[in-house]
Amino acid sequence: MRDAPLYLRPRADPPLASLLENAPFLHSLVDALGSPLNVLLPDVVARNAERFLAVYRRHHLAGRVYFAHKANRSSALVRRLAACDPAAVGIDVASLEELRHALGCGFTGNRVMATGPKDPELLWLAATVGATVNLDSVAELDQLAGLVRQYGPARTHVLVRLSGFESDAGPGGAGTRVLSRRSRFGTPVAEADELWAALERHADSVELVGLAYHLDTTGLEEKGRALERCVLLMDECRARGLAPRAVDIGGGFGVGYVEDAGEWERWTTALSEAVLGIRPPLTWGGHGYGLRNEAGTVRGTAALYPAHRTTAGPGYLDELLSRPAPVLGRAPATLLLEHLHDLYIEPGRALVDQCGLSLARVLEVRPMGDDPGRYLVRLGMNAGDVSLEEHGVLVDPVLLPRGGPQHEATDDRADHGADDSADDSAHDSADGGPVGVHLVGNLCLEGDLITRRLVFLPRLPHVGDLLAFVNTAGYVMDFHAHHAQRQPVARTVAVTEDGGTWRWCPDENYWPITHPQGVPS
Ligand SMILES: *Cc1c(COP(=O)(O)O)cnc(C)c1O
């Protein structure tokens, strides 16, 4: 008996939704450029930046949105952001190559912030081009100050990144409770005095412009507390004669990947039931995504990024700024405004929401002998090409039939000739309705699964069809891509829509200008 399909259908807003409706265009791109293929919509990243800035305006706040470059390697996205208002949009780089890339894409040094682990070359280039350095530790500050003293040319703007935000356990409480998880980045708030002393010591070569944090959590409470603590610490800095003026609250605003809350609810409930053995497995090898069965009870925490979000991205920022913070009981937006502090944010994933998709050709469709009614679908891509699973689950791909929707209804075996002999038996055993499939990749590895989930598709795919993985621009499409087995790494193209016509160019050829004939260069 076949299971009722448990869909996790992706959220696709326009223009991504209308791109998905243009299956012939997407097929022609993969025909020409191969599978896998990444498709980016650079105009959407600019629209997303504008949505974050609208939240700033609603709260009367000044400051800048810094794109966390590490979310995507693309040039088109970075160039499109470089063309946005220079006062309002910057870029956050985490390596020497990202800094070089940002500069080459049109960002001037004063729009760049360097975060993360930094080698001396990155520190030198950042200081030389007038970028802001987001410092992790006193040792890094000492190193930067040494470079600035030796090579100049001017005092470097720095933020200091803090971590280990604590809260008092309350009256009679034994000490403090650390609310934010441990981080290898940033200086613990408890050691802030050493930081202030070092900043004073290096005042000839660096200028403190603000305090920063980046918490890898979706928790509003934790983030609100950290934001408020930074505002209080800014007062402490001012009392010492330092003059910071910005609070940088990092990234982590999140993306909603699944459109429908009910689908997400049903799937996570079913996952728990499958872990308990009440229903057949929903994953390859009974993988529990962090959940396990201990004597009939589900234990562990699902290591799942919440794929359905009621608030994410700009909406999440709005909520964070509006929600009263714990100590002073005031909204962070009010605190920032009253102190005339600028707000910096570093969204990665949320800024590239709806900015792209990843396409893969169906290469083989095979019934699973030991699991009647289910199929293995092998794709022209591997797990490195769509790597969401590190943080969450990959949502359902959209099936783009080779011949278009009319074609789908008829028997098209003859059209594919010898190519699809392997899936003839699949055709014979499928009735055309929803079907559970395991998506496997092109590597000679048992573990090369595109997702560990059993994916339900509205019908069995045919060899030659495309599967479109939607909303993959943030960390999914190129973060873990590799050359194992000399399989091709996806090419990336930028697409733009012009009066209903989609045009494309290689990512590296995209510049945010329109030529007289209306074609992006
Ligand atoms: C990764 C990272 C970000 C971006 O995080 P998202 O969750 O993609 O928004 C921002 N700031 C720092 C320091 C990071 O390491």
Side-chain angles (χ1 to χ4, degrees), residues 44-45 48-49 51-52 55 63-74 77-78 81 89-95 97-99 102 111-118 122 126 131-137 140 158-165 180-187 210-220 222-223 226-227 230 246-257 303-307 309 311-320 343-356 387-388 390-392 471-480:
V44 179
V45 80
N48 289 345
R51 286 184 178 169
F52 273 106
V55 176
R64 221 181 223 169
V65 175
Y66 288 88
F67 170 49
H69 189 345
K70 76 168 187 283
N72 196 293
R73 295 184 203 176
S74 152
L77 296 178
V78 175
L81 287 168
V89 178
I91 189 162
D92 167 25
V93 298
S95 71
E97 283 309 313
E98 282 188 1
L99 173 54
R111 298 172 69 187
V112 178
M113 168 140 64
T115 62
K118 304 169 200 75
L122 171 59
T132 299
V133 178
N134 195 327
L135 291 166
D136 257 320
S137 63
E140 200 172 74
V158 298
L159 298 162
V160 292
R161 179 166 170 186
L162 300 168
S163 63
F165 293 92
S180 56
R181 61 219 69 221
R182 167 180 282 172
S183 171
R184 53 175 277 223
F185 299 107
T187 302
L211 304 186
Y213 67 84
H214 169 72
L215 300 178
D216 197 10
T217 172
T218 55
L220 274 168
E222 197 174 325
K223 288 192 173 171
L227 208 171
C230 281
V247 179
D248 177 351
I249 65 171
F253 301 96
V255 163
Y257 289 100
L304 291 180
Y305 185 87
R309 302 272 306 255
T311 44
Y316 183 95
L317 174 64
D318 197 21
E319 213 172 312
L320 177 65
L343 176 68
Y344 292 173
I345 61 173
E346 305 165 356
R349 189 188 298 276
L351 205 62
V352 294
D353 182 26
Q354 299 287 314
C355 284
S387 58
L388 188 75
E390 192 134 316
H391 309 280
N471 213 355
T472 54
Y475 302 104
V476 181
M477 67 168 55
D478 63 21
F479 201 86
H480 291 288

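What you see is a predicted model; the values in this text were computed from it and never measured. Both ligands and their constituent atoms are indexed starting at 1 by order of listing.
When atom types are taken as modelled, the side chain of Lys223 and the backbone of Thr217 share a donor-acceptor pair closer than 3.5 angstrom. Thr132 places no side-chain N or O within donor-acceptor distance of the main-chain N or O of Ala114, the cut-off being under 3.5 Å. With Asn471 contributing its side chain and Tyr257 its backbone, the two residues share no donor-acceptor pair below 3.5 Å.
With a 4.0 Å heavy-atom cut-off, ligand 1 is reached by the side chain of Asp92 but not by its N, CA, C or O. Residue contacts with ligand 1 for His214 involve side-chain atoms from C-beta outward but no N, CA, C or O (heavy atoms, distance under 4.0 Å).
Regarding atom 9 (O) of ligand 1, its nearest protein heavy-atom neighbour is Gly252 N, 2.7 Å. The nearest protein atom to atom 8 (O) of ligand 1, hydrogens excluded, is given as Tyr475 OH, 2.5 Å; this is a heavy-atom distance. The nearest protein atom to atom 10 (C) of ligand 1, hydrogens excluded, is given as Glu346 O, 3.1 Å; this is a heavy-atom distance. Ranking protein heavy atoms by distance to atom 2 (C) of ligand 1, first place goes to Lys70 NZ, 2.3 Å.
In the vicinity of Arg161, heavy-atom distances shorter than 4.0 Å reach the ligand 1 atoms 13 (C). Heavy-atom contacts of Arg349 reach the following atoms of ligand 1: 6 (P), 8 (O), 9 (O) (cutoff under 4.0 Å). Within the listing of ligand 1, atoms 4 (C), 6 (P), 8 (O), 9 (O) sit less than 4.0 angstrom from a heavy atom of Gly348.
Contact check for Leu159 versus Leu135: no side-chain heavy atoms found under the 4.5 Å cut-off.
With rounding to the nearest 0.5 angstrom, the CD1 atom of Ile91 is 7.5 Å from the CD atom of Glu98. Distance check: Asp248 CG to Arg161 CZ gives 9.0 Å after rounding to the nearest 0.5 Å.
Contact check on Lys118 versus Glu140 returns a salt bridge, with a Lys/Arg side-chain nitrogen under 4.0 Å from an Asp/Glu carboxylate oxygen.
The shell of residues lying under 4.0 angstrom from ligand 1, judged by heavy atoms, includes Pro347. Contact between Gly116 and ligand 1 is absent, with no heavy atom of the residue lying under 4.0 Å from the ligand.
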Practice problem: Show your working on side chain to side chain contact (heavy atoms under 4.5 Å, CB included) between Glu346 and Thr115 and close with a plain yes or no. | Solution: CA-CA 10 Å; Glu346 305 165 356; Thr115 62; 4.0 Å; yes
